[in-house]
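For reference, the structure is listed below as structure tokens.
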Number of protein chains: 2
Amino acid sequence: MNNLGNTKKDNATENIALDEKDIAILQLLEEDAKMTIRDLAAKLNLSATPVYERIRKMEQAGVIRQYAAIVDPSKIDKALTVLCYISLKEHGKKAGTKFIKEITSFPEVMECLNISGQFDFMLKVQVKDMLAYHEFNVNKLGELDNIRHMESVFVMSVIKATHRVVY
Amino acid sequence: MNNLGNTKKDNATENIALDEKDIAILQLLEEDAKMTIRDLAAKLNLSATPVYERIRKMEQAGVIRQYAAIVDPSKIDKALTVLCYISLKEHGKKAGTKFIKEITSFPEVMECLNISGQFDFMLKVQVKDMLAYHEFNVNKLGELDNIRHMESVFVMSVIKATHRVVY
DNA sequence: TTTGAAACGGAACATTATTCTATACTGATA
DNA sequence: TATCAGTATAGAATAATGTTCCGTTTCAAA
């Protein structure tokens, strides 16, 4: 295993130029991060060294943010996905920061986006079932004091879900 | 690097029971898939062998679906995320399948969810900027013949985004 | 207490990542 | 055109890691 990893913590901000070979490497690693450097090299008609160096540079530049194992939610008894839309009463900086701090602390919240439109935030919540979502709603969201309005949209099936952003 | 990988293609459906050690392994690999088996073993007070075997079983059972390199969209000039809500004219099986096939073929579409509520689908679209989204809208979505209504919600900032589902 | 299956530890082995050095390439300059 | 500096590359050597093997332990059922 390469130890190029551990890119998670640092917020590298440098910008680097990516050529076609870098893009090709990214596309392959997005699909299978365990692909060996030699296999990557073979696909790109290169030797191991340049591929290794390119990956290292992209990790340090923050292009590759993380290597993650993707777990199937249904296999660990988290079969229900809910999109939860929230608008706040107070929109001041202080109130917003407080809300964000609270929301991000909930492990059920996989994603929290600040959005345009009638709502302020969209949460993607992953739970066991409807009962678990109800409890999340009452015991966690219900405890927050700055929520004006809330709306839940339930995910019936996942048609497509990818982490690939390079194309 | 372990070659336990390549879990992507197979839809393993077997269900296996996970104990606390398996959960601990999953949590660590969700954060850093490059962590070595020996490091994992040290954190769990185990030797390498049982950790290796547990990972292999979870891969074969489909609990670990994939190992992915996560790329920062802004670093590859894909800075705009849009949530695109779509309702169809025809909801028959044939029409639905056709729509799904077309939608999933667009690389800009990172995610497509079949949802409850007034819309049928939510798309998460990742593009360079507003102009690129406009072109996606006109040239790709605009070519589909089964769309009744459409609404775009723009992501202003990402407060939280994780792939961790194990907790 | 006995037995069998599963989990485990430690060492040996196989594969891969990583480093090192020399060479080939590229673009700019004179 | 010739020369130079910087970068990218290949190939071999080394270090680190994944993977297998085998004997031992654990633990629950009989």
Side-chain angles (χ1 to χ4, degrees), chain A residues 1-8 10 12 14-71 75-76, chain B residues 1-10 12 14-71 76:
Chain A
M1 168 175 299
N2 72 41
N3 192 20
L4 298 175
N6 251 37
T7 51
K8 186 69 186 306
D10 31 296
E14 339 150 26
N15 271 336
I16 62 171
L18 303 175
D19 61 16
E20 320 75 40
K21 289 172 184 172
D22 292 319
I23 298 296
I25 291 171
L26 287 179
Q27 287 178 331
L28 290 166
L29 290 181
E30 281 186 320
E31 281 299 310
D32 179 13
K34 296 269 179 179
M35 185 173 291
T36 70
I37 291 187
R38 286 189 171 90
D39 283 350
L40 286 168
K43 288 194 186 257
L44 299 179
N45 289 324
L46 287 176
S47 68
T49 309
V51 174
Y52 178 82
E53 293 295 337
R54 283 166 181 272
I55 293 175
R56 191 172 56 79
K57 281 180 188 170
M58 291 193 286
E59 289 176 354
Q60 289 178 346
V63 176
I64 297 177
R65 185 155 46 184
Q66 183 189 9
Y67 294 99
I70 308 299
V71 174
K75 293 289 170 61
I76 56 153
Chain B
M1 168 176 298
N2 74 43
N3 191 21
L4 298 174
N6 251 39
T7 52
K8 188 68 186 306
K9 278 85 190 178
D10 31 294
E14 339 150 26
N15 270 335
I16 63 171
L18 303 175
D19 61 17
E20 320 74 42
K21 290 172 184 172
D22 292 319
I23 297 296
I25 291 171
L26 287 179
Q27 287 178 333
L28 291 166
L29 290 182
E30 281 186 321
E31 281 299 309
D32 179 13
K34 296 268 179 178
M35 185 173 290
T36 70
I37 291 186
R38 287 182 170 88
D39 282 350
L40 286 168
K43 288 193 185 257
L44 300 179
N45 290 323
L46 286 176
S47 68
T49 309
V51 174
Y52 177 82
E53 294 294 338
R54 284 166 180 273
I55 294 174
R56 190 171 56 78
K57 281 179 189 170
M58 290 193 287
E59 289 176 354
Q60 290 178 344
V63 175
I64 298 177
R65 185 155 48 185
Q66 184 189 8
Y67 294 99
I70 308 299
V71 174
I76 56 152

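Just so it is clear: chains get the letters A, B, ... in the order the sequence lines come, proteins before strands, and each one is counted from 1.
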Notebook entry, point to check: Whole-Å distance between C:dA7 P and B:I55 CD1?
Noted result: 15 Å

Next item on the list: Nearest whole angstrom, please: distance from the P of C:dA17 to the CE of B:M35.
Entry: 18 Å

Side-chain donor/acceptor pairs under 3.5 Å, residues 37-44 of chain A, sequence neighbours excluded:
| residue | atom | partner | partner atom | Å |
| --- | --- | --- | --- | --- |
| A:D39 | OD2 | A:T36 | OG1 | 3.4 |

Item checked: Nearest-Å distance for atom pair CZ/P, residues A:R56 and D:dT9 -> 13 Å

Check: Could you give the CG-to-P distance, from B:D19 to D:dT26, as a whole number of Å?
Finding: 18 Å

Check: What residues form a side-chain contact (heavy atoms from CB on, under 4.5 Å) with B:N45, not counting sequence neighbours?
Finding: none

Just the table, please: protein N/O against nucleotides 8-12 of chain C N/O, every pair under 3.5 Å.
| residue | atom | partner | partner atom | Å |
| --- | --- | --- | --- | --- |
| C:dC8 | OP1 | B:K21 | NZ | 2.9 |
| C:dC8 | OP1 | B:R54 | NH2 | 3.4 |
| C:dC8 | OP2 | B:R54 | NE | 3.3 |
| C:dC8 | OP2 | B:R54 | NH2 | 3.4 |
| C:dG9 | OP2 | B:S47 | N | 2.5 |
| C:dG9 | OP2 | B:S47 | OG | 2.9 |
| C:dG9 | N7 | B:S47 | OG | 3.4 |
| C:dG10 | O6 | B:T49 | OG1 | 2.4 |

Notebook entry, point to check: B:A68 and A:E30: which non-hydrogen atoms are nearest, and at how many Å?
Noted result: CB-O, 3.5 Å

Item checked: Whole angstrom value for the distance that separates C1' of C:dT21 from CD of A:E53 -> 13 Å

Notebook entry, point to check: Hey, are the side chains of B:V71 and A:M58 touching, using non-hydrogen atoms and a 4.5 Å cut-off?
Noted result: no

Margin query: In this structure, how many angstroms lie between the C1' atom of D:dT19 and the NZ atom of B:K57, rounded?
Written below: 16 Å

Note to self: Looking at every non-hydrogen atom in both residues, tell me the closest pair between B:K57 and B:I16 and how far apart they are.
What the structure shows: O-CD1, 4.1 Å

Next item on the list: Provide, to the nearest angstrom, the distance between the CD1 atom belonging to A:I37 and the C1' atom belonging to D:dG18.
Entry: 15 Å

Check: Mind checking what makes side-chain hydrogen bond (donor to acceptor under 3.5 Å, both in side chains) contact with B:E53, not counting sequence neighbours?
Finding: B:R56

Notebook entry, point to check: Picking from C:dA7, D:dG18, C:dA17, which would you name as closest to the side chain of A:Y52?
Noted result: C:dA17

